[in-house]
Amino acid sequence: MDISVRKGEVVEQACDLLVLHAFSGSKGLVGDLKTVDEALGGKVMKFMKEDGFKGKSDSTFLMRTHGEIAPKRILVLGLGKQEEFTVESVRQASAVSVNIATSLKVKTVLSAIQAFDGETVTVGDWAQAMAEGARLAEYRFDVYKKPSKSTVAIKKFDLLLQGGRDVRLAQKGVELGDLMAKGTILARDLVNTPAQDMHPQTLVDTAKNLAKGKGSIRVRVYDREALKRMGAGGILGVAQGSEYPPYLVHMVYKPRKPTTKRVALVGKAVTFDSGGLSLKPAQFMETMKIDMGGSAAVLGAFSVIDEIAPSCEVHGIFGAVENMPSGKAMRPGDVLVAMNKKTIEVLNTDAEGRLTLADTLCFAVKQKPQAIIDLATLTGACVVALGEEYTGLMSNNDELSTRILESANTAGEKMWRLPLEKNYKKLLKSQVADMQNVGSRWGGALTAGLFLEEFVGKTPWAHLDIAGPAYAERDIDAYTKKGATGHGVRTLLRYLKSL
Ligand code: BES
Ligand code: ZN
Ligand code: ZN
């Protein structure tokens with residue numbers, strides 16, 4: 001699907017489907033919709049009335065034009081109340097137009113950027129949201145499927161601008177939206193790939209490949225021997241039961257202009273989480289190929305970081321492992337020594353993410369960043385607390401926390417802050433080691449967060465538990481279908497851009 005920006009008279013644009021937008025509660029038609037209605041002798045207004053279309057959000061109106069104007073069909077999308085209108089409304093509308101165009105099997109779509117009073121959404125932001133919504137709605141994962149003969153791909157998805165509007169701004173928006181979608185789609189592909197084809201080595205290769213030919217990114221990989229020398233007992237412990245060796249991957253992006261600003265992005269990278277000897281029940285294991293979703297988000301962000309060109313140095317770090325039971329696997333009761341020499345009693349081998357993150361966070365701290373953000377499909381408890389659509393954010397720093405929540409909000413990713421309650425730390429006290437890897441039955445997302453906090457020292461840090469939103473068990477909205485979502489990538493990129 002090619003996305004570009006056009007200017008011109010709306011009724012003269014040849015296309016299979018012209019997409020227009022309407023707010024609810026507005027008196028009469030405005031802009032392109034009014035122009036089209038006039039060219040069709042008031043039929044649009046008449047049929048919209050007959051259908052009861054009032055511009056409510058998620059409502060749609062479709063009609064043929066029978067050769068009276070150049071576009072063959074028009075689709076009007078309701079944007080809801082103008083006061084409640086955000087960039088997310090545009091993303092959803094754009095995705096709806098792609099979904100409808102796909103079901104109609106049309107090849108060329110032209111979507112008009114609606115002018116409106118107040119303009120709370122700029123033309124650039126509107127265009128960016130259109131590109132994001134369209135590309136993410138178009139996404140399919142069919143590597144392991146026989147290609148369906150009946151699907152017709154949309155060839156052109158153009159944005160139409162009116163009057164004195166700035167084409168350059170819209171084009172810039174499309175470019176940015178394309179990058180956000182590209183990073184998100186890489187993360188989706190990685191997470192959707194079954195664990196039989198997604199080993200720790202595969203994540204290493206992905207990191208190396210995305211750095212290829214880019215002078216701004218370098219990648220270092222530490223293998224099992226190197227991890228032993230570094231004292232990464234957490235990563236090594238979890239990896240013990242697997243046939244596939246562990247790796248610690250360290251990517252560094254350096255901006256053209258030298259800077260002292262430095263951010264570390266850390267991802268959980270468990271390519272399959274069987275639970276280990278504390279084996280998961282079969283049903284809970286079904287989706288556990290997604291347990292590298294944190295690292296997928298970091299890789300997704302890194303895949304476009306050169307083009308997004310943040311002004312700060314960015315480190316991407318993950319410890320890739322597979323969590324399997326075997327004669328060599330770590331046992332409940334074993335004590336591991338993390339990179340900062342803290343000892344951890346492993347009471348449940350299924351709480352493995354925090355063991356790998358312990359070392360990875362220690363490694364991140366050594367890079368002396370001003371902020372660390374980790375993303376991890378860490379706890380089922382977080383999904384119990386916030387449901388499938390929200391990320392749980394935990395942080396030792398209010399400013400960092402606020403910035404991330406703001407980035408998430410504009411990116412259209414749902415996040416909610418949870419407390420790092422100090423009084424719950426005692427739940428991690430162990431009889432035999434400095435700490436144990438599980439708390440009590442309650443507040444599991446928070447005790448996991450508190451566990452991680454032990455490894456970041458004073459560095460401003462935010463932990464994003466993405467166990468819910470990394471993977472959609474069912475269709476969530478117009479551009480988030482069942483399967484991997486690539487959640488986190490767009491927030492990370494927005495955040496990096498804002499620095
Ligand atoms: N990878 C899981 C968490 C998870 C659950 C991710 C559901 C995505 C969807 C994690 O390693 C895990 O097993 N956590 C345990 C922790 C418990 C043993 C303290 C959990 O949440 O049950
Ligand atoms: Zn687990
Ligand atoms: Zn896990």
Side-chain angles (χ1 to χ4, degrees), residues 187 191-192 195 198 200 203 234-235 237-242 246 266-297 318-325 329-334 336 344-358 360 374-392 394 418 424 427-428 430 435-452 463-474 482-485 487-488:
V191 172
N192 278 326
M198 178 55 63
L203 290 172
I235 295 174
V238 176
Q240 253 169 244
S242 171
V266 168
K268 174 173 172 181
V270 177
T271 57
F272 187 72
D273 182 11
S274 68
L277 286 176
S278 314
L279 199 65
K280 282 183 185 293
Q283 247 200 328
F284 286 36
M285 223 188 277
E286 278 175 13
T287 57
M288 279 305 132
K289 66 174 183 184
I290 72 160
D291 217 18
M292 31 57 74
S295 65
F318 57 87
V321 293
E322 185 185 40
N323 187 23
M324 294 293 262
M330 65 174 177
R331 296 154 284 254
D334 282 0
L336 306 177
I344 306 163
E345 183 188 11
V346 179
L347 289 179
N348 190 321
T349 63
D350 196 12
E352 84 298 338
R354 63 196 75 181
L355 301 173
T356 67
L357 286 168
T360 318
D374 81 68
L375 299 96
T377 46
L378 204 61
T379 67
C382 194
V383 194
V384 173
L386 296 175
E388 292 166 302
E389 297 183 28
Y390 269 83
T391 279
M394 284 148 266
L418 301 173
Y424 294 166
L427 300 171
L428 295 170
S430 158
M435 56 200 298
Q436 60 184 43
N437 78 329
V438 287
S440 75
R441 206 170 136 200
W442 312 114
L446 315 190
T447 44
L450 288 166
F451 181 95
L452 298 183
H463 158 56
L464 308 180
D465 192 331
I466 58 169
Y471 183 84
E473 302 264 2
R474 70 201 97 228
K482 183 178 161 78
T485 59
H487 181 94

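Each ligand, and each atom within it, is numbered from 1 in the order the structure gives.
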*Asks:* Considering distance alone, does some N or O of Gly380 sit under 3.5 Å from an N or O of ligand 1?
*Replies:* yes

*Asks:* Please answer whether the main-chain N or O of Ala239 pairs with a side-chain N or O of Ser242 as donor and acceptor at a distance below 3.5 Å.
*Replies:* no

*Asks:* Students should be able to answer this: which protein heavy-atom is nearest to atom 19 (C) of ligand 1, and at what distance?
*Replies:* Val438 CG1, 3.4 Å

*Asks:* Looking only at protein heavy atoms, which one is nearest to atom 2 (C) of ligand 1, and what is the separation?
*Replies:* Asp273 OD2, 3.5 Å

*Asks:* Identify the closest protein heavy atom to atom 16 (C) of ligand 1: which residue and atom is it, and at what distance?
*Replies:*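 Atom 16 (C) of ligand 1 sits closest to the protein heavy atom Arg354 NH2, 3.9 Å.
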
*Asks:* Distance-only, no hydrogens or angles: does the Thr485 side chain make a donor-acceptor pair with backbone N or O of Pro469 under 3.5 Å?
*Replies:*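 A pair under 3.5 Å: yes.
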
*Asks:* Looking at Ser274 and Asn323, would you say the former's side chain and the latter's main chain have a donor-acceptor pair under 3.5 Å?
*Replies:* yes

*Asks:* Could you tell me whether atom 11 (O) of ligand 1 has at least one protein heavy atom nearer than 4.0 Å?
*Replies:* yes

*Asks:* Where does Asp350 meet ligand 1, judged by heavy-atom distances below 4.0 Å: at the side chain, the backbone, both, or neither?
*Replies:*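 Both the backbone and the side chain of Asp350 come within reach of ligand 1.
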
*Asks:* Suppose I only count heavy atoms of Thr379 and a 4.0 Å limit; which atoms of ligand 1 are within that range?
*Replies:* 3 (C), 21 (O)

*Asks:* Which residue in the set Val438, Leu279, Asp273, Leu277 passes side-chain contact (heavy atoms from CB on, under 4.5 Å) when paired with Asp350?
*Replies:* Asp273

*Asks:* Can you name the N/O/S atom of Asp291 that is nearest the Zn ion (ligand 3)?
*Replies:* OD2

*Asks:* Between the main-chain N or O of Leu378 and the side-chain N or O of Asp465, is there a donor-acceptor pair closer than 3.5 Å?
*Replies:* yes

*Asks:* About how large, to 10 degrees, is the angle OD2 of Asp273, then the Zn ion (ligand 2), then OD1 of Asp350?
*Replies:*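 Vertex at the Zn ion (ligand 2): approximately 100°.
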
*Asks:* Looking at Thr349 and Gly275, would you say the former's side chain and the latter's main chain have a donor-acceptor pair under 3.5 Å?
*Replies:* yes

*Asks:* By number and element, which atoms of ligand 1 are closer than 4.0 Å to a non-hydrogen atom of Met288?
*Replies:* 1 (N), 4 (C), 5 (C), 6 (C), 7 (C), 8 (C), 9 (C)

*Asks:* Any side-chain to backbone donor/acceptor pair from Lys289 onto Phe272? Under 3.5 Å, distance only.
*Replies:*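 No, because the side chain of Lys289 does not come within donor-acceptor range (under 3.5 Å) of the backbone of Phe272.
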
*Asks:* Can you tell me if, anywhere in Lys268, an N/O/S atom lies at a distance from the Zn ion (ligand 3) that is smaller than 2.8 Å?
*Replies:* yes

*Asks:* Heavy atoms only: which of Asn437, Val238, Thr377, Leu378 is nearest to atom 6 (C) of ligand 1?
*Replies:*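 Checking each option, the heavy atom nearest atom 6 (C) of ligand 1 is found in Thr377.
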
*Asks:* Where is the nearest protein heavy atom to atom 18 (C) of ligand 1: which residue, which atom, and how far?
*Replies:*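 Result for atom 18 (C) of ligand 1: Asn348 ND2, 3.5 Å.
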
*Asks:* Pair Lys268, Asp291 - check salt bridge (Lys or Arg N to Asp or Glu O under 4.0 Å), show working.
*Replies:* CA-CA 7 Å; Lys268 174 173 172 181; Asp291 217 18; 3.1 Å; yes

*Asks:* Suppose we only allow N, O or S atoms; which atom of Glu352 ends up nearest to the Zn ion (ligand 3)?
*Replies:* OE2

*Asks:* Under 3.5 Å, N or O to N or O, is Lys268 touching ligand 1 that way?
*Replies:*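 Yes; the residue has a nitrogen or oxygen that sits under 3.5 Å from a nitrogen or oxygen of the ligand.
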
*Asks:* With side-chain contact (heavy atoms from CB on, under 4.5 Å) as the criterion, how do Asn437 and Leu336 come out once you've worked through the C-alpha distance, each side chain's angles and the decisive distance to 0.1 Å?
*Replies:* CA-CA 10 Å; Asn437 78 329; Leu336 306 177; over 6 Å; no

*Asks:* Using 0.5 Å steps for rounding, measure from the OH atom of Tyr424 to the CG atom of Leu446.
*Replies:*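 Atom-to-atom, Tyr424:OH and Leu446:CG are 6.5 Å apart.
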
*Asks:* Which of the numbered atoms in ligand 1 are below 4.0 angstrom from a heavy atom of Glu352?
*Replies:* 11 (O)

